[in-house]
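Right, one structure below, let's go through it.
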Amino acid sequence: MTAAMSTSSLTIRPVADGEEGDVIALWRACGLTRPWNEPARDLAFAAAKFNSEVLVGLADGRIVASAMVGHDGHRGAMYYVSVAPAERGRGYGRAIVAAAEGWLLERGVWKVNLLVRAENTAVLSFYDGLGYAPGATMEIEKWIDPSKRGDR
Ligand SMILES: CC(C)(COP(=O)(O)OP(=O)(O)OC[C@H]1O[C@@H](n2cnc3c(N)ncnc32)[C@H](O)[C@@H]1OP(=O)(O)O)[C@@H](O)C(=O)NCCC(=O)NCCS
């Protein structure tokens, strides 16, 4: 994403300085934060790297949608895909995911590996409608910094 883009009355662009509190409040309202993933640290980490970004979607000047997007030099990933509860069903979720996909395509990434929490089965229909399907891979994981270890 080279500049802000507008879709369905949602203006999408990278997060700007001073917006961190609003973005984290949105993530919290959407139930996406976990005690071991300190959201301010996650946001600052992703926003500062060349291979990742935190996108925000604004409607009437307010942040109502967000997605963290990035790649590891091979595959793309998205985290914190979120639309404010009162703003759902207006196409904002579709738009922020499309913007994240566009961000990856601009960088030559052609596949997204998306992690969905096992208990968040409700969101699978949303992703199914956007063309995401269960893959033939299984996630295995290790906390290589045990001091940051969390529950699953
Ligand atoms: C998932 C989420 C981002 C969807 O946002 P949204 O703005 O309501 O989504 P949209 O309005 O763009 O919906 C796009 C399509 O998905 C469908 N959809 C949206 N939520 C859905 C759900 N829970 N189940 C089934 N379909 C759903 C819509 O009907 C729409 O279909 P259409 O284009 O055929 O009309 C939002 O519900 C959310 O923030 N959830 C909590 C956070 C979360 O779980 N994020 C994902 C982490 S992996």
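Just follow the structure's listing: the first ligand is 1, and inside any ligand the first atom is 1.
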Protein contact to atom 25 (C) of ligand 1 [nearest heavy atom, distance to 0.1 Å]: S125 CB, 3.2 Å
Atom 9 (O) of ligand 1 touched by protein (heavy atom, under 4.0 Å): yes
shortest atom 7 (O) of ligand 1-to-protein heavy-atom contact is with G93 N, 2.9 Å
Is the closest side-chain heavy-atom distance between Y92 and S9 below 4.5 Å? yes
Which atoms of ligand 1 have any heavy atom of N120 under 4.0 Å away? 43 (C), 44 (O), 47 (C)
Report the member of Y79, Y80, F126 with the shortest heavy-atom distance to atom 20 (N) of ligand 1. F126
Give the contacting part of R117 toward ligand 1: side chain, backbone, both or neither, where contact means a heavy-atom distance below 4.0 Å. neither
Is there a heavy atom in Y127 that sits closer than 4.0 Å to ligand 1? yes
For atom 37 (O) of ligand 1, which of the options R90, R94, R88 provides the nearest non-hydrogen atom? R88
Using protein heavy atoms only, decide if any is under 4.0 Å from atom 30 (C) of ligand 1. no
Under-4.0 Å heavy-atom contact between protein and atom 35 (O) of ligand 1: no
If I compare all heavy atoms of F50 with all of R107, which pair ends up nearest, and what's the gap? O-NE, 4.4 Å
One finds that the ligand 1 atoms under 4.0 Å from a non-hydrogen atom of V123 are 1 (C), 44 (O), 46 (C)
Taking all heavy atoms of L104 and all of G70, pick out the closest pair and write down the distance. CD2-O, 3.4 Å
What closest approach, in Å, do L10 and G57 show between heavy atoms, and which atom pair accounts for it? CD1-C, 3.6 Å
Ion pair E141/R149, N-O distance below 4.0 Å: no
With heavy atoms of G89 as the reference, note each atom of ligand 1 found under 4.0 Å away. 6 (P), 7 (O), 8 (O), 11 (O)
Would you tell me which option among V83, L130, V116 has the nearest heavy-atom contact to atom 3 (C) of ligand 1? V83
What do you reckon, does S82 put a non-hydrogen atom under 4.0 Å from ligand 1? yes
Contact atoms of ligand 1, heavy-atom distance to A122 under 4.0 Å: 22 (C), 23 (N), 24 (N)
For the residue pair Y80 and D42, confirm or rule out a side-chain donor-acceptor distance under 3.5 Å. yes
Is it true that a side-chain atom of R88 and a backbone atom of V83 form a donor plus acceptor pair closer than 3.5 Å? yes
Is any side-chain N of the basic residue among E101 and K111 closer than 4.0 Å to the acidic one's carboxylate O? no
Show the atoms of ligand 1 that are less than 4.0 angstrom away from any heavy atom in V81. 42 (C), 43 (C), 45 (N), 46 (C)
I need the minimum non-hydrogen distance between S66 and I96, along with the two atoms involved. C-CG1, 3.8 Å
Answer with side chain, backbone, both or neither: which part of I96 has a heavy atom less than 4.0 angstrom from an atom of ligand 1? neither
Under 4.0 Å from a heavy atom of G91: give me the atoms of ligand 1 that qualify, with their elements. 10 (P), 11 (O), 12 (O)
Nearest heavy-atom neighbours spanning V109 and G76: CG1-N, 3.4 Å
Sidechain N-carboxylate O distance under 4.0 Å for E38, K148: no
